[in-house]
2 protein chains.
Amino acid sequence: MVRAGDDEKMPMVTALVRTAFLVDAVYAQAAREHGVTAQQGQLLCVLMAHPLGMSDLGPMLGLAKSSLTGLVDRSARRGLVERVPDPSDGRAVQVALTASGAALAETFYDDTCARLAELAGRLSGTERGRLAGLLARVVEANEVPAVFD
Amino acid sequence: MVRAGDDEKMPMVTALVRTAFLVDAVYAQAAREHGVTAQQGQLLCVLMAHPLGMSDLGPMLGLAKSSLTGLVDRSARRGLVERVPDPSDGRAVQVALTASGAALAETFYDDTCARLAELAGRLSGTERGRLAGLLARVVEANEVPAVFD
DNA sequence: CCTGGGTAGTTCGCACCACGAAAGGTATCG
DNA sequence: CGATACCTTTCGTGGTGCGAACTACCCAGG
């Protein structure tokens with residue numbers, strides 16, 4: 001129903017939405033198999049590099065402050081993250097991975113990368129590079145936060 | 001952190017995840033502005049072509065049966081869809097858009113298409129065609145349901 | 001040193017969303 | 001006609017999202 005552009009078999013908007021749908025499904029399935037929800041998995045992945053404050057995490061994950069509080073609450077209850085008082089600001093906390101959270105984050109991340117890489121298994125290496133380059137430009141142009149490294 | 005392939009500035013897996021994140025955010029924002037949730041918007045779009053049975057909708061939307069029941073309940077409560085008994089099978093119902101649901105679906109769909117099309121505004125027409133072609137092949141190879149037409 | 005404006009994060013209330021197990025009604029087949 | 005299968009809903013549970021309001025802390029200006 002979407003009007004196709006020049007030489008498009010599937011319109012780009014349709015392709016984008018279905019790709020997002022696919023990625024979300026793969027991500028959710030991987031998370032479920034690692035015993036976390038997709039949102040928890042995303043939080044863990046974002047924290048792999050280093051702890052982050054709530055005011056950095058919120059915008060990065062696209063969440064309202066109360067939503068992030070709940071997500072961190074549930075993840076902390078699981079023993080995956082912990083709140084660490086910020087020594088330089090009495091109001092702030094840093095959210096850090098616990099040891100078991102870090103271990104889970106690493107296996108979840110690696111497994112998810114493998115599954116996602118497999119999605120494009122039918123494309124040649126050149127095509128994958130080209131696809132990555134085009135998507136990277138879209139992502140950069142729209143200033144998407146660094147939700148997956 | 002993801003290992004880049006040949007001549008990739010951003011690894012493909014990272015580009016895929018961030019693109020999905022971006023599309024989800026745009027879709028959720030459009031839905032919110034049209035007064036529905038992203039899930040409800042997706043249901044409405046899928047029903048634009050014609051009514052569907054629950055057993056077709058579930059797999060198409062990637063939902064468990066009880067989840068779909070709830071989504072249809074909430075959408076019906078909003079007056080957007082209705083359950084119609086299937087004349088050929090007393091067990092089954094067809095879910096159809098109401099008049100107001102159809103109107104909302106159309107404006108939401110058109111608006112969402114415009115916003116998503118704009119995401120790739122920085123790419124040339126040729127590049128958009130190329131991106132659509134590559135994504136279409138990934139989507140087809142992974143048998144993604146027709147969640148957006 | 002005090003204060004007002006701003007920041008950081010949590011609580012509360014609410015609605016939405018996801019799933020699995022079980023149940024009720026209907027269809028089909030031997 | 002009875003057994004099995006299918007269709008959908010119900011129930012219980014946990015997760016998720018948001019806005020408004022609140023508490024505690026920070027900081028620059030007077």
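On a predicted model such as this, the values are computed, not experimentally measured, just so you know. First the proteins, then the strands, lettered A, B, ... as listed; each starts at 1.
- Contact of the B:V26 side chain with the B:L116 side chain is registered, since non-hydrogen atoms from C-beta on lie closer than 4.5 Å.
- Of the inter-residue distances, the one linking A:Q39 atom CD with A:T37 atom OG1 reads 6.0 Å to the nearest 0.5 angstrom.
- The shortest side-chain heavy-atom distance between B:R130 and A:R130 falls under the 4.5 Å cut-off.
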What side-chain donor-acceptor pairs closer than 3.5 Å can you find for residues 131-138 of chain B, not counting sequence neighbours?
residue : atom : partner : partner atom : Å
B:R137  : NH1  : A:E127  : OE1          : 3.4
B:R137  : NH1  : A:E127  : OE2          : 2.6
B:R137  : NH2  : A:E127  : OE1          : 3.1

Could you please spell out the steps behind the ring-ring contact (aromatic ring centres under 6.0 Å, His included) verdict for A:Y27 and A:F108? CA-CA 10 Å; A:Y27 201 93; A:F108 168 70; 5.5 Å; yes
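- Ion pairing between a basic and an acidic side chain is recognised when a charged N comes within 4.0 Å of a carboxylate O; B:E33 and B:R115 show such pairing.
- Taking the side chain as every heavy atom from C-beta outward, A:F21 and B:Q42 approach each other to under 4.5 Å.
- Counting to the nearest Å, the C1' atom of C:dC16 and the CZ atom of B:R78 are 11 Å from each other.
- In B:E106, the CD atom is not crowded: 12 or fewer heavy atoms of neighbouring residues, nucleotides or ligands sit closer than 6.0 Å.
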Pair up each side-chain donor or acceptor in residues 76-85 of chain A with any protein partner under 3.5 Å, not counting sequence neighbours, and list the distances.
residue : atom : partner : partner atom : Å
A:R78   : NH1  : A:G35   : O            : 3.2
A:R78   : NH1  : A:Q40   : OE1          : 3.3
A:R78   : NH2  : A:G35   : O            : 2.7
A:R83   : NH1  : A:D73   : OD1          : 3.0
A:R83   : NH2  : A:T69   : O            : 3.4
A:R83   : NH2  : A:D73   : OD1          : 3.1

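- Between A:G121 and A:R128 the shortest heavy-atom distance is O-NH2, 4.0 Å.
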Starting at the 5' end of nucleotides 2-13 of chain C, put B wherever the base has a protein heavy atom under 4.0 Å, S where only the sugar-phosphate does, and a dash everywhere else. ----BBSBBBB-
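- When the C1' atom of C:dA15 is taken as reference, atom CZ of B:R74 falls 9 Å away, rounded to whole Å.
- Listed by residue number, the members of residues 21-31 of chain A with any heavy atom below 4.0 angstrom from DNA chain D form an empty set.
- In this structure, B:L22 and A:N142 have side chains that are in contact, with non-hydrogen atoms separated by less than 4.5 Å.
- Of all the residues in residues 35-47 of chain A, A:T37, A:Q39, A:Q40 reach under 4.0 Å from DNA chain D with at least one non-hydrogen atom.
- You can see that DNA chain D meets the heavy atoms of chain A within a 4.0 Å-exclusive cut from D:dG15 to D:dC26, reading 5' to 3'.
- One distance of note links CG of A:D89 with CD of A:Q94; it measures 10.0 Å at 0.5 Å rounding.
- Among all heavy-atom pairs drawn from A:L44 and A:G101, the shortest one is CD1-O, 4.3 Å.
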